[in-house]
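In what follows, a structure is listed as structure tokens, so that the remarks can point back to it.
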Amino acid sequence: MQKPELEKAYDASKVEDAIYRRWEASGFFNPDKLPGGKKKKPFTIVLPPPNATGVLHVGHATMLALEDLMIRYKRMRGFASLWIPGTDHASIATQNKVEKLIQESEKKSRHDLGRAEFLKRVETFVKGSQNTIRNQIRKMGSSIDWSREAYTLDKPRSEAVIEMFNRMYEDGLVYRGERVVNWCVRCTSTLADDEVEYKAQKAKLYFLKYGPFSVATTRPETKLGDTAVAANPSDERYKSWIGKTFELNWGEGTKPLTIRVIGDHEVDMKFGSGLIGVTPAHSAVDFRMAEKNKLPIIKVIGEDGRMLASAGKYKDMTVLEARHAFVKDLEAQGLIEKIEEIDNNLSACYRCSTAIEPLTSLQWFVDVNKKIKGRGKSLKELSLDAVKKSGVKIIPDRFEKVYYHWMENLRDWCVSRQIWFGHRIPAWHCENGHVSVARKMPTKCTAKGCASKKLRQDEDTFDTWFSSGTWTFSTLGWPKKTPDLKRFHPTDVLETGYDILFFWVARMILMTEYAMKQVPFKTVYLHGLVRDEQGRKMSKSLGNVLDPLDVIPKYGTDAVRLSLVLGTAPGADAKVWEDKIAGYRNFTNKLWNISRFVLTSVSKVSRVSKKPTAKTLSDKWILARLDSVAAQATSSIEKFDFSPAGELLRDFTWTEFADWYLEIAKIQMQDAKLKASTEKILLYALETILKLWHPYMPFVTEAIWDILSGNAKGKKFLMIEAWPKAKAVAAPKEFALLQEIIGAIRNVRSEYKVEPAKKVDATIVAGAKAKLLKENAAVIATLARIETLTILPKGEKPKDAASTMAGGVEIHLPLAGMVDMAKEKARLEKEKENLTGFVKNLEAKLSNPGYTDNAPKEVVEKTRQMLAEKKEELKKIETALG
RNA sequence: GGGCGCUUAGCUCAGUUGGUUAGAGCGACUCGUUUACACCGAGUAGGUCGUGGGUUCGAAUCCUACAGCGCCCACCA
């Protein structure tokens with residue numbers, strides 16, 4: 001065949017899109033279409049569905065790079081690799097985004113548009129987002145099965161959500177109740193406990209005259225809804241009061257309150273005055289006290305964040321307005337004793353940062369503590385068992401503890417949201433106030449003794465995590481018993497950011513254990529946050545956001561992928577910046593040029609898949625290293641150590657293969673006897689290296705593969721080639737000697753400022769190693785740029801020569817006229833000093849019985865050998881110095 | 001208030017179960033257009049491994065206390 005032509009520099013932007021199209025057209029992203037695919041063992045990953053709120057950021061790029069790496073690796077290992085794509089409707093996030101857009105462009109609120117029109121707008125927006133996301137996923141080179149794409153709000157997933165809720169309802173795990181919930185005033189919706197964020201702030205602690213007491217509070221306005229005051233039962237100051245009631249009057253325009261004094265062990269005697277004004281409607285803790293003590297509940301804050309009529313003259317004021325007005329009025333009446341500044345947490349909505357109002361509301365809850373019929377365990381217990389007993393492994397494992405802690409303290413999950421965009425709750429209210437939960441709208445009310453036909457569906461929608469919690473099995477067809485579900489569930493790996501361990505990972509485990517009686521995945525691999533070079537979070541306001549779509553055209557997808565995978569560890573935040581990507585772009589180019597050299601210098605380009613025979617020491621060395629590297633990389637990848645495996649591959653490819661073997665191959669190919677075997681080794685090594693790199697940098701490796709396999713019969717994509725199988729073997733030590741000698745000569749040349757192009761003579765006094773060195777004289781001479789290389793078993797140091805020691809042999813470079821003898825002496829003195837220290841060190845060690853008695857025999861033996869060698873070297877240097 | 005993580009060369013990070021005088025990439029410096037690659041090659045400099053104590057023949061590695069940075073959890077009204 002013709003010699004292939006390769007551009008001098010690899011230009012990723014010219015080849016990537018075409019390669020992706022060919023991959024996609026091949027159908028191999030779908031495991032069923034792989035040769036023999038139906039019989040292969042499955043390996044499944046579900047893509048954590050990106051929110052349909054817009055574009056993917058560099059965190060998503062990390063996720064895609066890691067997941068594609070695993071998927072491609074397993075595909076090459078012979079698995080039916082299935083990676084399922086999809087998007088998440090992300091109810092609150094998406095609704096907020098669209099509301100903002102409409103507000104900006106049309107100055108209209110969602111209420112101005114009405115539910116139906118608003119939802120239409122959201123759907124249009126989502127379709128656009130999904131297209132952007134699909135395009136970005138393709139750009140990253142993701143070998144994902146587009147034929148199985150899902151969306152959390154499409155029909156099959158909606159059916160799954162409805163089925164899930166109905167089953168839970170039938171099992172008595174779902175209830176509707178009035179509880180204190182986290183209420184976002186801006187979103188006008190509830191939030192789950194973990195959807196609330198806390199921000200440290202300075203707050204004023206007001207000490208109020210509170211009937212006969214003094215009560216401290218940071219939220220005076222809520223005191224208009226107090227129905228009790230709580231003291232620690234062992235607090236001597238208030239003990240006698242417990243059980244008594246008194247009248248509390250906050251002044252004109254407010255309603256007098258009847259306050260009961262209750263005892264509660266949760267009250268901290270040391271905080272404030274040791275008393276808590278109990279506001280059952282606006283504090284979860286107070287609500288529990290109210291339940292225990294059967295206290296009345298007075299709601300003073302409404303769902304719009306304004307005071308209710310129960311707040312008297314403060315009605316319709318916002319919470320903050322009411323606080324100011326109320327404090328002013330109290331001051332006027334002399335009811336404020338003092339004001340202190342304290343540190344506390346402000347709770348805020350995780351989607352819009354608005355302050356959260358705890359308030360009572362009638363909502364749907366999932367009971368996590370109730371034992372499930374026929375299972376004997378609660379959802380919480382099942383979820384704990386999944387990790388403790390059923391073998392869900394979390395990487396890094398410290399997150400297992402975090403998971404347990406969260407799950408153990410989990411409270412009932414409020415799943416209803418007052419959001420328009422999402423799955424409507426499958427519950428219907430009748431005119432008589434009954435509720436019917438069903439899979440589809442019933443013809444009449446299902447409550448006993450009621451047959452009302454006037455039904456309207458609950459206005460609320462589900463928490464977005466209630467639907468994404470079904471992701472591993474709803475994407476495979478549940479509740480239908482599909483072949484996919486049977487074959488690919490449980491999935492193998494869930495790869496996602498540690499920031500959604502609770503939101504999503506925990507919920508998936510909970511819902512899957514319930515619905516499937518299976519774990520959703522066997523391994524959870526958590527990646528960290530991507531930060532900028534200074535370790536700051538990337539954000540629009542800081543202007544430090546790195547957009548994958550900006551850097552891909554510049555450096556290529558492979559370089560971007562490498563920069564996100566190498567130098568990072570699971571669960572640890574990673575820093576990424578443009579120069580780092582540029583560095584990996586250089587490496588892609590290096591690999592390209594390595595290939596360019598191999599493919600253009602061999603006499604015939606062909607596949608060499610079987611390990612060729614080694615004819616020289618260098619051949620033996622590179623083949624042994626190749627085996628070891630393949631074996632080590634494989635075992636690292638199996639352990640999810642992607643970064644170490646990649647670094648090993650990079651060091652091997654660049655340093656050992658390119659800098660050493662390619663240079664040696666140039667020499668060997670000059671030798672007619674070695675030409676053919678060297679070429680074979682080059683092709684074999686290149687082929688193996690491309691395979692090993694493919695999961696990390698799929699584009700450049702596939703591009704080279706395409707040239708390498710030319711028009712060969714049965715040509716296949718590298719993507720579906722078999723992963724190299726190899727056992728680690730020890731590389732010949734003799735090669736290290738060559739490297740040492742060459743390095744030492746280069747070093748001396750550099751010290752004496754011998755121009756790299758200039759050839760000099762050299763004499764090596766090598767003792768027993770002379771034979772070996774003579775066999776490899778060409779390699780030494782060429783790589784060290786020696787004109788006449790003399791290798792002797794014994795000899796004297798020539799005059800006016802620079803000398804050095806390497807691997808136990810003496811090297812003399814008679815740099816006539818170039819050697820400054822004083823300088824040469826100084827250099828040797830320095831080396832002597834160095835060696836003397838080292839030898840002393842070793843001797844001290846060996847004369848210490850504590851060491852020789854306790855250390856393992858091999859270690860001691862190694863030290864002895866080292867000492868002998870170094871002593872020998874020292875002697876030679878001393879001789880040289882005269 | 002609890003818990004977790006990090007602290008190794010100017011920067012980003014490796015350092016497996018404690019065992020040569022601690023490594024890599026980038027950056028710096030010196031030299032070089034050797035026909036794969038200047039997105040390159042050869043070489044050099046640079047670290048008492050956050051601090052104090054302890055265990056050990058031996059500690060970057062194990063224990064302990066402390067400091068700095070970061071994160072998570074929690075009902076301090």
Side-chain angles (χ1 to χ4, degrees), chain A residues 6 8-10 194 198 205 215-219 222 230 266-268 270-273 275-279 283-289 342-345 358 396 398-399 401-402 405-406 409 498-499 501-502 528-529 533 535 555 559 566-569 571-577 579-580 582-601 641 643-644 647 650-651 654-655 658-659 662-663 666 743 746-747 749-751 753-757 782-783 785 834-835 837-838 841-842 845 848-856 858-860 862-863 866-867 870:
Chain A
L6 282 83
K8 200 168 169 182
Y10 173 64
D194 48 317
Y198 297 94
L205 182 65
V215 163
T217 180
T218 51
R219 302 204 50 193
T222 62
E266 287 185 55
V267 179
D268 181 353
K270 290 187 208 86
F271 190 89
S273 61
L275 288 173
I276 300 177
V278 180
T279 322
S283 154
V285 189
D286 296 9
F287 186 84
R288 282 206 297 276
M289 289 188 198
I342 59 157
D343 295 311
N344 81 344
N345 287 323
R398 64 188 141 88
F399 281 99
K401 257 193 286 178
V402 179
H405 183 255
W406 185 83
N409 292 293
Y498 65 74
D499 52 328
L501 177 63
F502 305 142
L529 259 57
E533 191 175 9
Y555 302 104
L566 269 57
T568 68
D573 293 351
K575 294 176 189 171
V576 180
W577 63 99
D579 279 353
K580 186 174 174 183
Y584 288 111
R585 184 269 322 266
N586 295 354
F587 179 70
T588 17
N589 189 55
K590 184 76 187 180
L591 183 61
W592 175 262
N593 271 290
I594 287 169
S595 312
R596 184 165 174 248
F597 169 74
V598 173
L599 297 177
T600 53
S601 51
D641 288 336
S643 176
E647 276 164 17
R650 186 197 51 194
D651 294 345
W654 203 317
T655 310
D659 292 344
L662 288 194
E663 295 308 319
K666 286 176 188 172
R746 284 170 170 174
N747 182 320
R749 292 177 56 114
S750 177
E751 296 249 319
K753 306 254 186 274
V754 180
E755 286 168 36
T782 314
L783 296 190
R785 304 204 66 73
N834 227 334
L835 267 174
F838 193 21
N841 221 320
L842 293 175
K845 212 171 196 181
N848 177 356
Y851 175 70
T852 45
D853 294 351
N854 295 317
E858 319 87 74
V859 176
V860 176
K862 229 169 131 187
T863 313
M866 180 72 64
L867 178 62
K870 295 294 162 187

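Quick note: numbers below take in every heavy atom, side chains included, and nothing from hydrogens, waters or symmetry partners. Treat the numbers as computed from the prediction; the structure is a model and nothing was measured. Each chain gets a letter, A, B and so on, in the order its sequence line appears, and its residues count up from 1.
We find that CZ of A:R749 is positioned 14 Å from P of B:U34, with the value rounded to whole Å. Remark: C1' of B:G3 and OH of A:Y198 are 17 Å apart, rounded to the nearest angstrom. The separation between A:E266 atom CD and B:A74 atom P is 15 Å, rounded to whole Å. Regarding A:R288, its CZ atom lies at a distance of 11 Å from the P atom of B:C76, rounded to whole Å. Taking atom OH of A:Y10 as the reference point, atom P of B:C40 lies 16 Å away to the nearest angstrom. In this structure, A:N409 atom CG and B:C75 atom P are separated by 9 Å, rounded to whole Å. To the nearest angstrom, C1' of B:C75 lies 9 Å from CG of A:D286.
Interatomic distance, CE of A:M289 versus CD1 of A:I276, reported as 4.5 Å (0.5 Å rounding).
A:P856 comes within 4.0 angstrom of a nucleotide base, judged by non-hydrogen atoms across all strands. Note on A:D268: a base of the nucleic acid sits closer than 4.0 angstrom, heavy atoms only. Within 4.0 Å of A:L842, counting heavy atoms only, lies no atom of the nucleic acid at all. Residue A:F502 is in sugar-phosphate contact alone, with no base atom involved, counting any heavy-atom pair closer than 4.0 Å across all strands shown. A:E858 comes within 4.0 angstrom of no nucleic acid atom, judged by non-hydrogen atoms across all strands. At the heavy-atom level, A:A855 lies under 4.0 Å from base atoms of the strands shown. A:W406 comes within contact range of no nucleotide atom at all, as no heavy-atom separation falls under 4.0 Å. Using a 4.0 Å heavy-atom distance criterion, A:A658 is classed as a base contact.
Taking only side-chain nitrogens and oxygens, A:K575 comes nearer than 4.0 Å to OP1 or OP2 of B:U12. Contact check, A:W654 against B:G25: no side-chain N or O comes under 4.0 Å of OP1 or OP2. OP1 or OP2 of B:A36 has at least one side-chain nitrogen or oxygen of A:K666 nearer than 4.0 Å. A sub-4.0 Å separation between OP1 or OP2 of B:G41 and a side-chain N or O of A:K590 is present. For B:G58, neither phosphate oxygen OP1 nor OP2 lies less than 4.0 angstrom from any side-chain nitrogen or oxygen of A:N854. Phosphate proximity of B:A77 to A:N344: present, with a side-chain N or O under 4.0 Å from OP1 or OP2.
Taking only side-chain atoms of A:F838, from C-beta outward, the nucleotide of B:C75, B:C31, B:U20 with the closest atom is B:U20. With B:C75, B:C73, B:A36 as the choices, the nucleotide that has an atom nearest any side-chain atom of A:I594 turns out to be B:A36. Side-chain proximity of A:A9 to B:G19, B:C39, B:C57: nearest is B:C39. The listed nucleotides are B:A24, B:C75, B:A74; the one nearest the side chain of A:N345 is B:A74. Among the nucleotides B:C57, B:G25, B:U44, the one closest to any side-chain atom of A:R650 is B:G25. Among the nucleotides B:G32, B:U12, B:C72, the one closest to the side chain of A:W577 is B:U12. For A:D659, taking side-chain heavy atoms from C-beta onward, the closest of the listed nucleotides B:C75, B:C4, B:A42 is B:A42.
At a cut-off of 3.5 angstrom, counting only N and O atoms as typed in the model, there is a donor on one side and an acceptor on the other between the side-chain of A:E663 and the base of B:A36. Between the side chain of A:K8 and the base of B:A38 there is no donor-acceptor pair of N/O atoms closer than 3.5 Å. Between the base of B:C37 and the side chain of A:R596 there is no donor-acceptor pair shorter than 3.5 Å.
Outside the 6.0 Å centre-distance limit, the rings of A:Y584 and A:Y555 are not counted as a close aromatic pair.
Between A:K753 and A:A569, it is A:A569 whose nearest contact on RNA chain B lies nearer the 5' terminus. Two residues, A:R219 and A:R585, neighbour RNA chain B, and the one matched to the more 5' nucleotide by heavy-atom proximity is A:R585.
Pairing partner, B:G68: B:C6, with both Watson-Crick or wobble hydrogen-bond distances short of 3.5 Å.
For the pair A:K666 and A:F597, the cation sits on the ring face: its NZ or CZ lies under 6.0 Å from the ring centre, inside 45° of the axis. Remark: A:K870 fails to qualify as a cation-pi partner of A:F838 under the 6.0 Å distance and 45° angle criteria applied to the six-membered ring.
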